[in-house]
Amino acid sequence: PHGTQLYLWKVETDNAKSIDWSYTSYNGFEGWVAWSNLLNVEQPEYKDGYYYYDGLAYVKDDFDGIVNADDGFANCRDYPTHGKVLWTENNGNRVHIEGKLEGPDGSLWGLISDDIKYRKAWICLDNVQALGE
C-alpha cells in the first residue's frame, strides 16, 4: 500500500530496460519491486559514532511507543525543546522511534517519521511510553 516502508536488498539492474530492481518482503510475501515505483527515503549521515539528521547528532535506536502526555497530546518539533511544532500526536497513538538525543535542556528526544507526508520530527520521550515497559 501507499506509504508502506519496505526493506530492500539484492539490487539488480535490467540493462535492456534500464530498470533497477530490489528484492523485498511484505506481509508474508516476497518479490521484486522496481525502484521507479518507490519513494526514496533519505538515509542519515553516519560519522564518528553518531547519525546526523538536519545537523543534529543522534544515537540510532529502534523501538515503538505509545504517546502518553500530560496534556493529552505531544508536540512533534523540527528541533528538540523549542523548535517549530510540525504536528501533534494524540495520547494512545503509536510512534516509532528511530533515533534519540539529549536536548539542549537535558531532556531526551526521539526522532520519528510521519508516514503520510514523509516528514521527520523530534518528540520528547517524556511523552512516550515504550512498548513492553
Side-chain angles (χ1 to χ4, degrees):
H2 179 73
T4 302
Q5 182 176 359
L6 299 173
Y7 296 95
L8 307 172
W9 65 95
K10 288 188 187 177
V11 177
E12 299 284 337
T13 300
D14 179 347
N15 291 324
K17 296 181 181 176
S18 297
I19 298 175
D20 290 323
W21 296 84
S22 284
Y23 200 76
T24 188
S25 63
Y26 172 74
N27 209 16
F29 296 95
E30 293 185 359
W32 293 92
V33 61
W35 285 21
S36 60
N37 294 332
L38 302 174
L39 174 67
N40 186 24
V41 178
E42 191 173 312
Q43 294 297 314
E45 177 187 357
Y46 182 76
K47 180 178 164 188
D48 299 328
Y50 291 94
Y51 289 87
Y52 289 83
Y53 173 71
D54 205 20
L56 294 173
Y58 69 91
V59 177
K60 194 165 180 116
D61 211 332
D62 185 19
F63 69 92
D64 290 325
I66 300 294
V67 175
N68 187 18
D70 292 339
D71 295 333
F73 65 92
N75 290 323
C76 301
R77 300 177 178 274
D78 65 349
Y79 189 83
T81 309
H82 36 266
K84 176 183 171 189
V85 175
L86 301 176
W87 75 86
T88 60
E89 291 286 349
N90 293 322
N91 278 0
N93 286 5
R94 187 177 183 139
V95 293
H96 180 77
I97 307 298
E98 54 188 88
K100 63 184 175 185
L101 61 72
E102 185 175 319
D105 64 351
S107 57
L108 289 178
W109 290 77
L111 183 62
I112 66 170
S113 295
D114 171 6
D115 292 334
I116 309 254
K117 295 187 178 178
Y118 307 105
R119 304 173 291 181
K120 291 188 183 288
W122 297 96
I123 188 169
C124 182
L125 292 179
D126 289 344
N127 298 323
V128 177
Q129 179 180 356
L131 290 176
E133 286 187 2

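Note that these values count all heavy atoms, side chains included, but never hydrogens, waters or copies made by symmetry.
Of all heavy-atom pairs spanning N127 and A69, the tightest one is OD1-CB, 3.6 Å. The minimum heavy-atom distance linking G103 with P80 is given by the pair CA-CB, 4.3 Å.
Once rounded to the nearest 0.5 Å, the distance linking NE2 of H82 with CG of N75 reads 14.0 Å.
Side-chain contact between I123 and I97 is present, with heavy atoms from C-beta onward closer than 4.5 Å.
T81 is linked by a side chain to side chain contact (heavy atoms under 4.5 Å, CB included) to P104, D105, S107, W109, counting only residues two or more places apart in sequence or in another chain. Listed by chain and number, the residues in a side chain to side chain contact (heavy atoms under 4.5 Å, CB included) with D61 are F63, K100 (sequence neighbours excluded). Checked against side-chain hydrogen bond (donor to acceptor under 3.5 Å, both in side chains), D64 has the following partners two or more places apart in sequence or in another chain: R94, H96. For V59, the side chain to side chain contact (heavy atoms under 4.5 Å, CB included) partners at least two apart in sequence or on another chain are Y50.
With hydrophobic clusters built from ILVMFWY side chains whose heavy atoms lie under 4.5 angstrom apart, L125 shares a cluster with I112. Residues Y79 and L101 fall within the same hydrophobic cluster, defined by Ile, Leu, Val, Met, Phe, Trp and Tyr side chains chained together at heavy-atom separations under 4.5 Å. The cluster map of Ile, Leu, Val, Met, Phe, Trp and Tyr, joined by side-chain heavy atoms under 4.5 Å apart, puts W122 and L86 in different clusters. Residues V128 and L108 share a hydrophobic cluster, clusters being chains of Ile/Leu/Val/Met/Phe/Trp/Tyr side chains in contact below 4.5 Å.
Within the structure, salt bridge (Lys or Arg N to Asp or Glu O under 4.0 Å) pairs that include any residue of residues 66-93 do not occur (at least two apart or interchain).
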